[in-house]
There are 2 protein chains.
Amino acid sequence: MAAETAKATRREQLLAIAAGLFAEKGFKNTTVRDIADASGILSGSLYHHFDSKESMVDEILSTFQEELFAAYDAVLASDAESRAKIERAVRLSFEAIDQHPHEVAIFQNDAGYLGAFERFGYLAERNAQSREVWVALLTEGVAAGALRQDLDIELTYRFIRDTVWVAVKWYRPGGRHSHTEVADQYLTILLDGISTTTPQLHERP
Amino acid sequence: MAAETAKATRREQLLAIAAGLFAEKGFKNTTVRDIADASGILSGSLYHHFDSKESMVDEILSTFQEELFAAYDAVLASDAESRAKIERAVRLSFEAIDQHPHEVAIFQNDAGYLGAFERFGYLAERNAQSREVWVALLTEGVAAGALRQDLDIELTYRFIRDTVWVAVKWYRPGGRHSHTEVADQYLTILLDGISTTTPQLHERP
DNA sequence: GTCTATACCGCGATAGAC
DNA sequence: GTCTATCGCGGTATAGAC
């Protein structure tokens, strides 16, 4: 297994370099030569490790998604309170942005383009799966009385999904705010809003 | 001026077609031949109207941004109450998504790539300008007591900016929700949160 | 596992006829 | 204002030497 690890390590090195470039410049805008240059080898040599540029991004995304959705499933299956589950799902997402910023960025920026190919059909499936997770959490939250009764679940789901993942555009691991701090601020806004007036019972004397 | 209108109209037709393709597939991923095909002419003919593909996206973005920022300036300069100004700025943004979805999508998806060229330096300037508008509105809101004192202005600005514009990914003009309905839901969440518990005074017995 | 060399294609753009 | 024809570049990918 030592030999296998070494082999896998080289592969993963190259994938990590590719992921950084894909995230920074976009899949289509990153050339095979860019990846080779950044790896210190020539473009032809990359094809000893991978079939194609598409194969590289495929492996990057599918590996990440597998890990991420296993984590979501664990939250959904847990027996915590409704509100706690929602908080954990949100924190999980910011943690993913912290630990896999390139993968998240690639998914955010290029899933639309890649999803058009049959090979990347699983991206749409994962999207549907994510929707199910959140709709379940929100529906449960409303039923349990933890969330407002008048919420449009579908709209709220889209807001949460987009507003969480879009943070990858500016969040930098090791920057001024930790991912837990960002999650705290986000949850405060999401759950209680930015206004000083109380919700439901509008206004005070 | 009738002749001029006809001339401008042809130009604008082509730009509108290009904008749709840029928004759908991305700037880099849209070929000059795609645009020509969709316009019913050959690729060479496009160069009678425009210098280059870059010129096209330049004209699309700069025209839109000029209009948008004039609207923001009007809100900022108005003498409405702090909270009302914030609401108007948000509604303005959803209105822009409704009326210029292609332009917003192009900006969201390709500003990063395009901004690297000197020619598109104004994109970064506009970004800074937008930040100034929002930081001013939020600072004013906190000072006036309309917003929580403990808000991280910078973080809140980024949340609002991203969470508003990202709606272009799923909002469809003429779809199930009008842009005003979406803005209503968004403002409700932003200002008051989705939770049923009251803010500030955390917890109950 | 990497390099040399190269095939092949689609891209943005141009020149001149109509 | 559009078409025909074409150039030159840079992209992905391949074959075989080292």
Side-chain angles (χ1 to χ4, degrees), chain A residues 2-61 106 109-110 113-114 116-120, chain B residues 2-61 106 109-110 113-114 116-120:
Chain A
E4 257 182 27
T5 304
K7 200 174 178 183
T9 288
R10 178 55 173 158
R11 211 186 160 72
E12 280 157 25
Q13 274 176 13
L14 295 171
L15 282 180
I17 290 166
L21 290 168
F22 290 154
E24 185 194 333
K25 322 199 311 172
F27 176 73
K28 195 67 187 276
N29 289 330
T30 302
T31 72
V32 174
R33 289 194 248 262
D34 286 337
I35 302 169
D37 283 356
S39 308
I41 59 177
L42 293 191
S43 65
S45 306
L46 270 180
Y47 289 84
H48 174 72
H49 302 277
F50 305 97
D51 283 348
S52 64
K53 199 174 88 164
E54 273 189 16
S55 293
M56 300 187 77
V57 78
D58 191 349
E59 191 162 336
I60 291 166
L61 288 179
I106 296 167
N109 297 327
D110 294 312
Y113 168 70
L114 293 172
F117 302 96
E118 327 72 53
R119 166 171 207 168
F120 293 96
Chain B
E4 256 182 26
T5 303
K7 201 174 177 182
T9 288
R10 178 53 173 157
R11 213 188 157 72
E12 279 157 25
Q13 275 176 12
L14 295 171
L15 282 180
I17 290 165
L21 291 169
F22 290 154
E24 185 194 332
K25 323 201 306 174
F27 175 73
K28 193 67 184 276
N29 206 29
T30 302
T31 72
V32 173
R33 285 172 172 97
D34 287 338
I35 302 169
D37 283 357
S39 308
I41 58 177
L42 293 190
S43 66
S45 307
L46 269 180
Y47 289 85
H48 175 72
H49 302 277
F50 305 98
D51 282 349
S52 64
K53 197 173 88 162
E54 274 189 14
S55 294
M56 299 187 77
V57 78
D58 191 348
E59 190 164 336
I60 290 166
L61 287 178
I106 297 167
N109 297 329
D110 294 313
Y113 168 70
L114 294 172
F117 302 97
E118 327 72 52
R119 165 171 209 169
F120 293 96

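A, B, ... follow the sequence lines: proteins, then strands. Residue 1 opens every chain.
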For this session: Evaluate the side chain to side chain contact (heavy atoms under 4.5 Å, CB included) criterion for residues B:F120 and B:D58: first the C-alpha distance (whole Å), next the side-chain angles of each, then the deciding distance (0.1 Å), finally the verdict.
Result: CA-CA 7 Å; B:F120 293 96; B:D58 191 348; 3.8 Å; yes

Within residues 45-61 of chain A, those residues having any heavy atom closer than 4.0 Å to DNA chain C are A:S45, A:H48, A:H49

Output the residues of residues 28-35 of chain A in contact with DNA chain C, where contact means a heavy atom of the residue under 4.0 Å from an atom of the strand; sort by number or write none.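 Close to the strand, none.
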
By salt bridge (Lys or Arg N to Asp or Glu O under 4.0 Å), B:K25 pairs with (sequence neighbours left out) B:D34

Measure from [atom1] on [X] to [atom2] on [N] and round the result to the nearest Å.
X	N	atom1	atom2	value
B:L42	C:dT14	CG	C1'	15 Å
B:F117	C:dG12	CZ	P	13 Å
A:Q13	C:dT2	CD	C1'	15 Å
B:L21	C:dC11	CG	C1'	16 Å

Fill in: Closest heavy-atom pair and its distance - B:I106, B:A23
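That closest heavy-atom pairing would be CG1-N, 3.7 Å.
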
Closest heavy-atom pair, B:A38 versus B:L21, reported as atoms and distance to 0.1 Å, is CB-CD1, 4.0 Å

Rounded to the nearest 0.5 Å, the CG atom of A:N109 sits from the NZ atom of A:K28 at a distance of 15.0 Å

CZ of B:R10 to CG of B:L15, rounded to nearest 0.5 Å, is 11.0 Å

What I'd like to find out is whether the side chain of [X] reaches to under 4.5 Å of the side chain of [Y], using heavy atoms alone.
X	Y	answer
A:I35	A:F22	yes
A:L61	A:D110	no
A:I41	A:L46	yes

Between C:dT2 and A:R10, is there an OP1 or OP2 to side-chain N/O distance shorter than 4.0 Å? yes

Which pairs count as side-chain hydrogen bond (donor to acceptor under 3.5 Å, both in side chains) when at least one residue sits in residues 35-54 of chain A, sequence neighbours excluded?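 Listed by first then second residue: A:S52-A:S55.
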
query: So what does A:I41 hit on the nucleic acid, given a heavy-atom distance under 4.0 Å: a base, only sugar-phosphate, or nothing?
result: sugar-phosphate

Residues passing the side chain to side chain donor-acceptor pair (under 3.5 Å) test with A:E24, sequence neighbours excluded, are none

Rounded to 10°, the angle between the first-five-pair and last-five-pair axes of the helix from C:dG1-D:dC18 to C:dC18-D:dG1 is 10°

